[in-house]
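Only one structure is covered here, and it is reproduced in the block below.
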Protein chains: 2
Amino acid sequence: MAKQGPEKIRLRDVAKAAGVSQGTASNVFSRPEIVREEVRERVHAVAKELGYGGPSITGRLLRAGKVNAVGVAAIEPLSYFFEDLWARQLMAEISDICDGRGAGVALISARSDERLDWNVQSALVDGFILLCVEGGERLVDITRQRQLPYVALAIGAEDQSVPAIGVDNFNGARLAAEHMLGLGHRRFAILSTMLSDGHFGKADEALVRQAWYSTSRDRALGYWQALQEAGMDPQSVPIYGTLEDETSTHAAMAQIFAAPEPPTAILAMSDKIAMYAVDWLFRSGRDVPGDVSVIGFDGVPEAAVATPKLTTMAQPMHEIARLAVDAALGETQVEGRRVLSTELVVRESTAPPPAK
Amino acid sequence: MAKQGPEKIRLRDVAKAAGVSQGTASNVFSRPEIVREEVRERVHAVAKELGYGGPSITGRLLRAGKVNAVGVAAIEPLSYFFEDLWARQLMAEISDICDGRGAGVALISARSDERLDWNVQSALVDGFILLCVEGGERLVDITRQRQLPYVALAIGAEDQSVPAIGVDNFNGARLAAEHMLGLGHRRFAILSTMLSDGHFGKADEALVRQAWYSTSRDRALGYWQALQEAGMDPQSVPIYGTLEDETSTHAAMAQIFAAPEPPTAILAMSDKIAMYAVDWLFRSGRDVPGDVSVIGFDGVPEAAVATPKLTTMAQPMHEIARLAVDAALGETQVEGRRVLSTELVVRESTAPPPAK
DNA sequence: AGCAAAAATTGAACCGATCCAAAATTGATG
DNA sequence: CATCAATTTTGGATCGGTTCAATTTTTGCT
């Protein structure tokens with residue numbers, strides 16, 4: 001005879017049971033100061049008795065329209081946010097700032113292409129931060145449809161209509177190379193992040209100039225520029241693409257050091273690659289920076305605690321995150337492309353080349 | 001005279017403009033297969049013309065009641081999820097599984113105590129995974145009020161009414177110590193995770209037995225058990241609390257190795273501590289595992305690529321994550337406490353003690 | 001007590017969709 | 001051409017709150 005299971009208690013039920021209007025009951029929870037204490041207490045009591053769990057977020061949201069959360073999306077599986085060094089650090093900064101603003105963070109994945117649409121469409125957020133890392137055009141298109149504030153990070157596209165924040169890869173790389181040059185190095189090798197999909201191993205000028213990944217291309221161009229300005233021939237320094245993993249980096253290192261006159265300075269386009277390179281050098285019995293100097297790129301926290309501590313070109317992660325969150329929350333509007341500069345952080349992995 | 005700004009287009013507007021009912025318009029977007037192609041195209045065309053951004057999530061949500069996302073909360077700033085090794089790996093697994101289920105992940109912070117309430121109350125999720133790491137009782141209480149599925153991870157409380165998933169720290173530690181014992185080690189030192197709030201440095205038995213953090217206590221007890229079974233006096237092996245950072249770990253190591261008969265085996269309660277210990281040994285000119293063996297705990301991915309690769313007691317992170325996500329999504333119900341066992345992963349950092 | 005101002009409460013509209021039973025249309029068949 | 005089944009479309013109820021103008025109650029003052 002008795003009703004099965006306790007059905008969900010609604011605000012309406014509480015109001016009725018307490019003998020007040022739904023409007024008053026609503027006020028008890030969301031603007032308690034405007035209802036008489038006596039009534040407030042009665043309503044609270046009834047609510048507790050009935051097992052009312054507080055106003056449903058959904059209902060409130062429908063009315064208010066604000067979620068108070070930013071969505072971060074990438075064309076990668078969700079775990080990318082926790083596994084990739086760069087993404088991870090960026091996320092740490094982003095979430096720190098969201099925390100300060102009292103906003104939540106929602107992670108949006110794009111594991112499968114069809115799902116991307118749906119995931120972006122149905123994300124409960126006030127705005128988006130897009131981790132593009134190239135090929136993000138589709139992601140941008142989809143996000144646009146949502147008609148919410150958004151900003152793209154690390155996107156290569158020239159399209160001035162998409163609000164984007166990036167770093168000056170060309171000059172960052174140039175500065176990195178100049179640091180090595182200043183130390184007296186004259187024999188170099190470059191370890192590149194991916195140039196074109198799936199490519200790794202020795203690369204030539206043409207491949208670099210038409211690289212699909214603009215980040216890799218710009219950094220290469222920056223290194224070359226510095227080399228050229230120092231009177232060297234950039235084309236004489238070997239450049240190897242890697243997959244940013246141990247295997248391809250170690251393979252590249254093996255080839256590089258098989259040459260008759262191996263380099264004394266390694267220019268790595270990411271800290272991750274740089275750390276694998278250091279590891280290879282260490283395992284092959286070479287000292288860093290005694291025999292070979294290595295400089296990374298990005299400035300991830302791991303670089304600061306590596307052995308030896310890695311010299312790198314740091315990206316202004318905190319600043320990037322701040323701007324991105326502001327934009328995603330719709331507080332400021334990023335117009336076109338915003339380019340930030342990188343900063344040389346000298347630590348233990350670079351030193352003058354060994355005396356002849 | 002003209003109206004200011006373009007007001008938001010609603011589904012209703014599209015329906016009206018396309019000359020169909022709102023119900024049909026709704027179907028065009030959410031169940032396109034059941035509407036005639038001709039109609040579908042017309043509606044899509046009108047939608048595009050009007051600049052309709054697709055069905056509002058909020059409206060849909062209100063109706064459907066499902067958000068399709070799990071919330072992960074910790075009594076830590078949001079950046080904890082990206083910075084702490086253990087949390088990070090767990091999150092990688094959790095997000096991987098959510099990805100597979102097509103569910104999103106929302107991060108919920110508890111930076112300030114007052115905000116915790118609000119953040120948990122207003123999180124748009126279908127269920128919660130609580131990263132408790134002790135002192136999570138309050139978090140559990142608040143979450144309970146939300147009347148959504150939830151599960152607590154790494155919680156010390158005995159309260160059987162809270163659904164929890166944990167690992168068998170006692171036996172894990174025992175196995176770790178037995179591994180060292182089996183290798184022939186007889187001189188040990190223990191590096192502990194935090195025992196009581198803020199404490200670090202040498203600890204005594206009483207401090208350990210009444211440690212606030214049950215994880216630390218259980219692991220210590222496990223080590224002791226193995227030592228005792230091997231006929232040793234557990235109280236003779238020094239145990240040091242650390243803050244899981246470089247400074248306190250290095251300080252502990254310095255004190256440990258200042259003893260007349262320094263240990264040949266280090267039992268570390270986390271991989272992070274173990275890695276700092278290895279680092280200290282390396283910097284002090286000792287070889288691992290040649291002079292000293294080190295075993296960690298947790299099995300974070302970094303341990304597998306450290307130099308040397310770290311031997312450790314791995315937690316079944318994938319399994320933990322799977323169970324947790326299932327529970328948070330309300331698919332299964334965790335009854336009381338679920339304890340999983342750990343697995344010894346032997347790598348390069350442990351070997352027999354140096355010959356006399 | 002009488003009256004205006006302030007405070008508290010009410011009731012209904014609204015937010016933006018989905019869902020479902022009923023109605024309308026289409027198609028196949030004898 | 002009538003009949004029946006299958007496919008589409010419709011209209012209205014519903015999800016669970018918030019908000020605001022209107023109404024009622026309370027308070028303050030003479």
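These numbers come from the heavy atoms of this one structure, side chains and all, not from hydrogens, waters or symmetry mates. Sequence lines set the chain letters: A, B, ... in the order given, protein chains first and strands last, and positions in each chain run from 1.
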Next on the checklist: Using the rule given for side-chain contact (heavy atoms from CB on, under 4.5 Å), can you reason through A/Arg101 versus A/Val70, listing the C-alpha separation, both sets of side-chain angles and the distance that settles it, and then say yes or no?
Outcome noted: CA-CA 11 Å; A/Arg101 299 257 201 297; A/Val70 336; over 6 Å; no
Between the protein and nucleotides 17-20 of chain D, which nitrogen or oxygen pairs come in under 3.5 angstrom?
from: D/dG17; atom 1: OP1; to: A/Tyr52; atom 2: OH; distance (Å): 3.2
from: D/dG17; atom 1: OP1; to: A/Ser56; atom 2: N; distance (Å): 3.2
from: D/dG17; atom 1: OP2; to: A/Leu11; atom 2: N; distance (Å): 2.8
from: D/dG17; atom 1: O5'; to: A/Tyr52; atom 2: OH; distance (Å): 3.3
from: D/dG17; atom 1: O5'; to: A/Ser56; atom 2: N; distance (Å): 3.0
from: D/dG17; atom 1: N7; to: A/Gln22; atom 2: NE2; distance (Å): 2.8
from: D/dT18; atom 1: OP1; to: A/Ser30; atom 2: OG; distance (Å): 3.4
from: D/dT18; atom 1: OP2; to: A/Ser26; atom 2: OG; distance (Å): 2.3

Checklist entry - Does anyone know the first and last nucleotide of DNA chain C in reach of chain B, 5' to 3', at under 4.0 angstrom to a heavy atom? => result C/dG16 to C/dC19
Item to check | CA sep, side-chain torsions, deciding dist, call: B/Arg146, A/Ile57, side-chain contact (heavy atoms from CB on, under 4.5 Å) | outcome: CA-CA 10 Å; B/Arg146 197 55 206 281; A/Ile57 300 322; 3.4 Å; yes
Checklist entry - Between B/Ile34 (CD1) and D/dA6 (P), how many Å, whole number? => result 17 Å
Checklist outcome for this item: Whole-Å distance, B/Arg36 CZ to D/dA6 C1', equals 14 Å
Checklist entry - Under a 4.0 Å N-O cut-off, is there an ion pair linking B/Arg322 with B/Glu319? => result yes
Checklist entry - If you draw a 6.0 Å radius around CD in B/Glu49, do more than 12 non-hydrogen atoms from other residues or ligands fall strictly inside? => result no
Checklist entry - So A/His44 and A/Phe29, would you call those rings parallel, tilted or perpendicular, with 30° and 60° as cut-offs? => result perpendicular
Checklist entry - A/Ser95 versus B/Phe81: any side-chain heavy-atom pair under 4.5 Å? => result no
Checklist entry - Are any of the side-chain heavy atoms of B/Leu90 and B/Val72 separated by less than 4.5 Å? => result no
Item to check | Closest contact, heavy atoms only, B/Gly71 versus B/Ile108 | outcome: CA-CD1, 3.8 Å
Checklist entry - Would you say the side chains of A/Asp96 and B/Ser79 form a donor-acceptor pair under 3.5 Å? => result yes
Checklist entry - Can a donor-acceptor pair be found between the side chains of A/Ser161 and A/Arg144 at a distance below 3.5 Å? => result yes
Next on the checklist: To the nearest 10°, give me the bend of the helix from C/dA1-D/dT30 to C/dG30-D/dC1, comparing the axes of its five terminal pairs at either end.
Outcome noted: 30°
